[in-house]
> 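This is the structure, below, for whatever I ask next.
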Amino acid sequence: MGYALFAQEKLALTGIINSIQLQQTQRSNEQYRLATNTLSLQQQISAINEEKSRESAVLYEQLVGIDIDNSDDREKINAQLSALDSKYETEIQAVNRKMQQVSQKETIIEMEVKRLDTKLTALQKQLEAIEEAEGDGIEAATP
């Protein structure tokens, strides 16, 4: 193989390697963005649970203060508690769906990163082999 062919092959492989490394950087940025998104969603769930706890505490306090014979007021508060549970359960389910979507995206990106790593390793080995062959050729040509 002539030196020009070695140089062309090395240049082509280096370009591909650089492109893959750029893709890896982009995937890392996506992973960071998704991790930040997951953290934000977890914080939303905590905030929803805190709000539910506060509102439930107020209703339970009212419930405790009601005379035992006043079943109408007890039923109203129990209905409010049930509605509160339903409302917050719906909100938590919506956030959990978003978290599941983020998790699926993370899985896809992880698979892509592994694929890129495998491809990069193979190309780097190819580049090393070309460089070794080039070095062997130079040594063979030297008297």
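Residues: numbered from 1 along the sequence shown. None of the values given here were measured: they were computed from a predicted structure.
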> Mind checking the CG-CG spacing from Leu127 to Leu120? Nearest 0.5 Å is all I need.
10.5 Å

> Please determine whether the number of non-hydrogen atoms from other residues, nucleotides or ligands lying under 6.0 Å from atom CD of Glu61 exceeds 12.
no

> Might you work through the side chain to side chain contact (heavy atoms under 4.5 Å, CB included) test for Gln62 and Leu59, ending with a clear yes or no?
CA-CA 5 Å; Gln62 290 174 7; Leu59 290 173; 3.8 Å; yes

> Working to the nearest 0.5 angstrom, can you tell me the gap between Asn18 CG and Gln23 CD?
11.5 Å

> Flag the pair Glu131 / Phe6 as yes when at least one side-chain heavy-atom distance between them is below 4.5 Å, and no otherwise.
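Counting from C-beta outward, Glu131 and Phe6 never come under 4.5 Å.
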
> Asp73 versus Leu63: any side-chain heavy-atom pair under 4.5 Å?
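The answer is no; the side chains never approach within 4.5 Å.
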
> Could you state whether Val102 and Ile108 fall into the same hydrophobic cluster, counting links through intermediate Ile, Leu, Val, Met, Phe, Trp or Tyr residues with side-chain heavy atoms under 4.5 angstrom apart?
no

> Can you confirm whether more than 12 heavy atoms, excluding those of Lys119, are under 6.0 Å from its NZ atom?
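No, because the 6.0 Å sphere around NZ of Lys119 holds 12 heavy atoms or fewer from other groups.
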
> What's the spacing between Ile16 CD1 and Gln126 CD if we round to 0.5 Å?
8.0 Å

> Quick one: are Asn96 and Leu41 in side-chain contact, heavy atoms under 4.5 Å?
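They are not in contact (no side-chain heavy atoms under 4.5 Å apart), so the answer is no.
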
> Between Ser103 (side chain) and Met99 (backbone), is there a donor-acceptor pair under 3.5 Å?
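No, Ser103 side chain to Met99 backbone: no donor-acceptor pair under 3.5 Å.
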
> For a side chain to side chain contact (heavy atoms under 4.5 Å, CB included) check, start with the C-alpha distance between Gln31 and Glu110, then their side-chain angles and the critical distance, and finish with the verdict.
CA-CA 8 Å; Gln31 286 176 314; Glu110 284 176 27; 3.8 Å; yes

> Could you tell me which non-hydrogen atom of Leu84 sits nearest to which non-hydrogen atom of Ser56, and how far apart they are?
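Answer, listing the atom of Leu84 first, then Ser56: CD2-OG, 3.2 Å.
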
> Rounded to the nearest 0.5 Å, what's the gap from CD1 on Ile109 to CD on Glu106? Could you check?
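Going from the CD1 atom of Ile109 to the CD atom of Glu106 covers 7.5 Å.
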
> Output, in order, the C-alpha distance, side-chain angles, deciding distance and verdict of side-chain hydrogen bond (donor to acceptor under 3.5 Å, both in side chains) for Asp117 and Gln24.
CA-CA 8 Å; Asp117 285 343; Gln24 286 177 315; 2.4 Å; yes

> Taking NZ, NE, NH1 and NH2 as the nitrogens, is one of them in Glu30 or Arg27 under 4.0 Å from a carboxylate oxygen of the other?
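Yes.
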
> Apply side chain to side chain contact (heavy atoms under 4.5 Å, CB included) to Ile77 and Tyr60, showing your working.
CA-CA 8 Å; Ile77 292 176; Tyr60 280 119; over 6 Å; no

> Verify, without hydrogens or angle tests, whether Ser19 (side chain) and Gly15 (backbone) share a donor-acceptor contact under 3.5 angstrom.
no

> Backbone N or O of Arg33 within a donor-acceptor pair of the Asn37 side chain at under 3.5 Å?
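A pair under 3.5 Å: no.
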
> Run the side chain to side chain contact (heavy atoms under 4.5 Å, CB included) check on Glu55 and Glu51 step by step: do they pass?
CA-CA 6 Å; Glu55 289 185 33; Glu51 188 177 331; 3.3 Å; yes

> Return the CD to CD1 distance between Glu91 and Ile48, rounded to the nearest 0.5 Å.
5.0 Å

> Honestly curious: do Leu116 and Leu34 fall in one hydrophobic cluster under the side-chain, below-4.5 Å linking rule?
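In one cluster with Leu116: Leu34, no.
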
> Can Glu128 and Lys125 be counted as an ion pair, charged N to O under 4.0 angstrom?
no

> Please report the interatomic distance OG(Ser82) to NZ(Lys87), rounded to the nearest 0.5 Å.
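If we round to the nearest 0.5 Å, Ser82:OG and Lys87:NZ are 14.5 Å apart.
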
> Counting only N and O atoms by type, is there a donor-acceptor contact under 3.5 Å from the side chain of Ser40 to the main-chain atoms of Thr36?
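A pair under 3.5 Å: no.
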
